[in-house]
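Below: one structure, written as C-alpha cells.
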Protein chains: 2
Amino acid sequence: MAAKRLLTDDIGFLLSRASGAVARSASKALAPLGLRVRSYSVLMLAGEGTAGVTQRRLAATMGLDPSQIVALVDDLETRGLVTRTPDPADRRNKLITATDEGHRVREDAQQRVDQAHDDYFDRVPHESLDELRHALRRIAFPDDLPVGHESEPSTAPE
Amino acid sequence: MAAKRLLTDDIGFLLSRASGAVARSASKALAPLGLRVRSYSVLMLAGEGTAGVTQRRLAATMGLDPSQIVALVDDLETRGLVTRTPDPADRRNKLITATDEGHRVREDAQQRVDQAHDDYFDRVPHESLDELRHALRRIAFPDDLPVGHESEPSTAPE
DNA sequence: TATTGTTATACTCTATAACTATA
DNA sequence: TATAGTTATAGAGTATAACAATA
C-alpha cells in the first residue's frame, strides 16, 4: 500500500507548475517581439553554429513531432529571421539558419527571457541552479545529453 | 550584449522538456484508469484531509483558472470518485471530497504514477531529488509554499 | 458590492495519419 | 524501401469575459 503523499510534494506536479509559470513569464516577455516560447526556441537553435540545423533535429531537440516544426519555421522565414536551404549533400534535408536580423532579434529576445527568468530563479540559491540544470537535463534527455549541433539526435522516450 | 548561450542550457527550456516528458509518461500510466494528469491532481487534492477542498483552492493550487476546474470535478463526480457538497458555513463554497471509491482509485493511480516517474527520476541521484523538489517548489510557488489544506491559498504570479 | 462557481468561446499546444520528394 | 519534410485534422490545454447565486 502506497504511503499517502501530498500532491505538492510530487516532483512531476512541481515540474508542471514550475514549467508553466516560467513559460508564461517568458511568453509575456517575448510578446513585444512577436515571438512565442516555441518560435524563440527555433530561433535560438538556428542561431547556434553556422552550418544550420535540420528540421528533424529541431524536432528532436525540442521534443516535438517534425510536423509541428513546419509552421514555426514558416513564420520565422516569412519574417526574414531564418532561411531554409536544401542541404546540397542530401536535398531531403533543409538547413535552418538565422539571418543577420535573426541574430539581432535572438539577442534581444534572449535578454528579455533572461530577465523574466530571473524573477523566478533569483529565489533559488545560485549554486542550486547548476544542480537543478543538471538534474533537469538528465530527466529531459535520458538517453544522451545534447551539447551542440555535433552530437547525435536524441529522441524522446516512449 | 548578452553572452550567446545554448538553448539546451536554459533552465526554462529544460523545465519545459522535463515537465513534458514526465507528464506524457504519467498520462500513459493513468490512461487505464480513465484519468488524466489534471483529473489525477484533483483526485489527489480531494483525498488529502477530510474537510474537503473548495474549487477555488483547487484552482489556486493547480495554477488554473477556476472555470477550468468545473469540468474536471464534473467528470470525477459523475464517476462517483468525489462529491461536491455546499459548505454549510458559506453556501457559495462547494467542498470537493473523495469518496471511498475515489480513495481506492487514487491509491492505484498514485502507484502507477510513481512507477512511471521512477523511470525518469532513477537517473537522478537520490539526494539530488530532495534539492530538486525544494528548488521547484520555490519556483512554482514564489509567494508562499503550500503545505496542507490549512495554509493560505497561493495565487500564481503575474 | 465582492466572491464562488458556472457557461461560453477562442486560441494554443499536442498527437496522429497520410502524402511528396529525395535517397 | 527508407527518410525528411509537409498537410490536414482532431483533441487537450489555456486564457478571458460574462453571468447566477450567495455573502
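So that the names make sense, note that chain A is the first sequence line, chain B the second, and so on, each numbered from 1. All values derive from a computational prediction rather than experimental measurement.
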To the nearest Å, give me how far apart CZ (A/R57) and P (D/dT3) are. 17 Å
So does B/D74 pair up with B/R84, basic N to acidic O under 4.0 Å? yes
Can you measure B/R56 atom CZ to C/dA2 atom P for me and round it to whole angstrom units? 14 Å
Would you indicate which nucleotide in D/dA21, C/dG5, D/dG5 comes nearest to any side-chain atom of A/K94? D/dG5
Just checking, is any N or O donor in the side chain of B/E77 or B/T83 under 3.5 Å from an acceptor N or O on the other one? no
With a cut-off of less than 4.0 Å, is there a side-chain N or O of B/R38 near OP1 or OP2 of D/dA12? no
Please tell me whether A/R106 and A/H103 have a donor and an acceptor in their side chains that are separated by less than 3.5 angstrom. yes
Would you call B/D87-B/R91 a salt bridge at under 4.0 Å N-O? no
For the residue pair B/M62 and B/L45, establish whether any side-chain heavy-atom pair is separated by less than 4.5 Å. yes
Per atom distances to the A/P66 side chain, the nearest of D/dG13, D/dT6, D/dA4 is D/dT6
Which residues in residues 69-86 of chain A have at least one heavy atom lying under 4.0 Å from any atom of DNA chain D? A/V70, A/R84
Yes or no on salt bridge (charged side-chain N to carboxylate O under 4.0 Å, His left out) for B/R104 and B/D100, after CA distance, side-chain angles and deciding distance? CA-CA 6 Å; B/R104 279 190 291 271; B/D100 289 348; 5.5 Å; no
Is the base of D/dT16 touched by the side chain of B/S67 through a donor-acceptor pair closer than 3.5 angstrom? yes
Tell me whether the side-chain N/O atoms of B/Q68 come closer than 4.0 Å to OP1 or OP2 in C/dG5. no
Is there a donor on the side chain of A/R91 or the base of C/dT22 sitting less than 3.5 Å from an acceptor on the other? no
Taking atom C1' of C/dT4 as reference, at what distance in whole Å does atom CD1 of B/I96 sit? 11 Å
Atom pair distance, as rounded to whole Å: CG in A/L58 and P in D/dT6: 11 Å
Closest to the 5' end of DNA chain C, once A/L64 and A/D90 are matched to their nearest nucleotides, is A/L64
Under 4.0 Å between a Lys/Arg side-chain N and an Asp/Glu carboxylate O for B/R5 and A/D114? yes
Distance check: side-chain N/O of A/R36 vs OP1/OP2 of C/dT12, anything under 4.0 Å? yes
Short side-chain N/O contact to D/dA2 OP1/OP2 from A/R92, under 4.0 Å: no
Rounding to a whole Å, what distance do you find between A/D87:CG and D/dA4:P? 12 Å
From C-beta outward on B/D65, which listed nucleotide comes closest to its side chain: C/dC13, D/dA23, D/dT16? D/dT16
